[in-house]
Amino acid sequence: MNRLEALSRFTKLLRIPEIVISVLFLLTGGVMLWQLPQVHLYTWIKIVAVIAAIPLAVIGFKRKQKVLAILSFALLVISYGLAEMSRNAPRQAITAAILADPTQAGYDLQAHGKAIYQVYCTSCHGIDGALGAVGAKNLAESKLNLEEVIHIITNGKNAMPKYKKTLAEQEIRAVAAYALQLRK
Ligand code: HEC
């Protein structure tokens, strides 16, 4: 009984922050979804998992049913796992499809860059660099030199994500070379 009391005290204490965080969570999710040019199957599965987790958690905690609460937590873990998975999937697609090792004979910097560009960059910059989603600069009209382009891809800028952790140095160099080539 003590533990149940503690739980209900804890629940009361967290009620306001919980409402604020949930509303912010849903709003930012909505805005980001709105800005995505295309929504993949994984994303829909993640959304369904998160949305299903909410009533399960509410009912689980109201009725004090551990199974429902655990199920709800599991759904959140699954959607997190899916997010991690789809983060690594593109890289495997690239390395499987083209020669990605510059020391190998027949390595083509532009082809490597193009493959990376199509996976990581087209959602905001478009195939031709001019899509301009989420305020992305038109790459066909960019005046930056190679070093500056490499710097922006590596470290990001405003809504432009940083790729320091996602892409290897050589991959950044290749996609930068390809981005410069979009100007012609
Ligand atoms: C989430 C959207 C998004 C993605 C994905 C994205 N970018 Fe960007 N990119 C932006 C935005 C927004 C800017 C403008 C940043 C600023 O100056 O405020 C930008 C700017 C740039 C610039 C600088 C252009 C200039 O003239 O200032 C380069 C180069 C660039 N992006 C290359 C890339 C490459 C290469 C990729 C893929 C590895 C990529 N971007 C992926 C949103 C994105």
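Remember, it's 1-based here, ligands and their atoms both numbered in the order they're listed. Throughout, numbering of the chain's residues begins at 1 and tracks the sequence. Below, all heavy atoms of this structure are taken into account, side chains as well, without hydrogens, waters or symmetry copies.
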- Task: Return the orientation label for the Tyr117 and His125 ring planes: parallel under 30°, perpendicular over 60°, tilted otherwise.
- Result: tilted
- Take Phe61 and Thr11 through the test side-chain contact (heavy atoms from CB on, under 4.5 Å) and record every step on the way to the result. CA-CA 9 Å; Phe61 277 90; Thr11 310; 5.7 Å; no
- Query: Any idea which protein heavy atom is nearest atom 14 (C) of ligand 1, and the distance to it?
  - Reply: Lys137 CG, 3.5 Å
- Task: Any atoms of ligand 1 less than 4.0 Å from a non-hydrogen atom of Gly135? List them with their elements.
- Result: 11 (C), 12 (C), 14 (C)
- Message: Suppose we measure from atom 36 (C) of ligand 1 to each protein heavy atom; which comes out shortest, and what is that distance?
- Response: Cys121 SG, 2.7 Å
- Task: Examine Leu182 and Ile150 and state if one hydrophobic cluster contains both, with Ile, Leu, Val, Met, Phe, Trp and Tyr joined whenever side-chain heavy atoms are less than 4.5 Å apart.
- Result: yes
- Item | Verdict with reasoning, Leu68 to Arg63, per side-chain contact (heavy atoms from CB on, under 4.5 Å) | CA-CA 9 Å; Leu68 288 185; Arg63 306 234 172 112; over 6 Å; no
- Query: Taking atom types as modelled, is there a side-chain donor on Gln170 or Tyr107 under 3.5 Å from an acceptor on the other?
  - Reply: yes
- What's the SD-atom 8 (Fe) of ligand 1-NE2 angle here (Met160, His125), rounded to 10 degrees? 170°
- Task: If you have a sec, work out which protein heavy atom is nearest atom 28 (C) of ligand 1 and how many Å separate them, to one decimal?
- Result: Leu139 CD2, 3.4 Å
- Task: Indicate, as side chain, backbone, both or neither, the part of Ala176 found under 4.0 angstrom from ligand 1 when only non-hydrogen atoms are considered.
- Result: neither
- Message: Can you give me the closest heavy-atom contact between Lys46 and Leu82, atom names plus distance?
- Response: CG-CB, 3.8 Å
- Counting from 1, what ligand 1 atoms have a heavy atom of Val134 closer than 4.0 Å? 12 (C)
- What protein heavy atom sits nearest atom 1 (C) of ligand 1, and how far away is it? Cys124 SG, 2.7 Å
- Message: If the cut-off is 4.0 Å to any non-hydrogen atom of Ser142, which atoms of ligand 1 fall inside it?
- Response: 24 (C), 25 (C), 26 (O)
- If we number the atoms of ligand 1 from 1 as shown, the ones under 4.0 Å from a heavy atom of Asn158 are 16 (C), 18 (O)
- Nearest 0.5 Å please: distance from the CE atom of Met160 over to the CG atom of Asn155. 10.0 Å
- Message: According to a hydrophobic-cluster definition based on side-chain heavy atoms being under 4.5 Å apart (Ile, Leu, Val, Met, Phe, Trp, Tyr only), do Val175 and Leu109 belong together?
- Response: no
- Can you sort out which atoms of ligand 1 are near Ile153, meaning under 4.0 Å from one of its heavy atoms? 35 (C)
- Query: What are the atoms of ligand 1, with element, lying closer than 4.0 Å to any heavy atom of Lys157?
  - Reply: 15 (C), 16 (C), 17 (O)
- Can you pull out the closest protein heavy atom to atom 11 (C) of ligand 1? Residue, atom name and distance to 0.1 Å, please. Ala136 CA, 3.3 Å
- Report yes or no: does Ser22 contribute a side-chain atom to a donor-acceptor pair with the main-chain N or O of Glu18 at less than 3.5 Å? yes
- Message: Does any N or O of ligand 1 fall below 3.5 Å from an N or O anywhere on Tyr163, backbone included?
- Response: no
- Message: As an exercise, identify every atom of ligand 1 less than 4.0 angstrom from a heavy atom of Leu144.
- Response: 23 (C), 24 (C), 25 (C), 26 (O), 27 (O)
- Message: Ignoring hydrogens, what is the shortest heavy-atom contact between Ser72 and Ala57? Give both atom names and the distance.
- Response: OG-CB, 3.3 Å
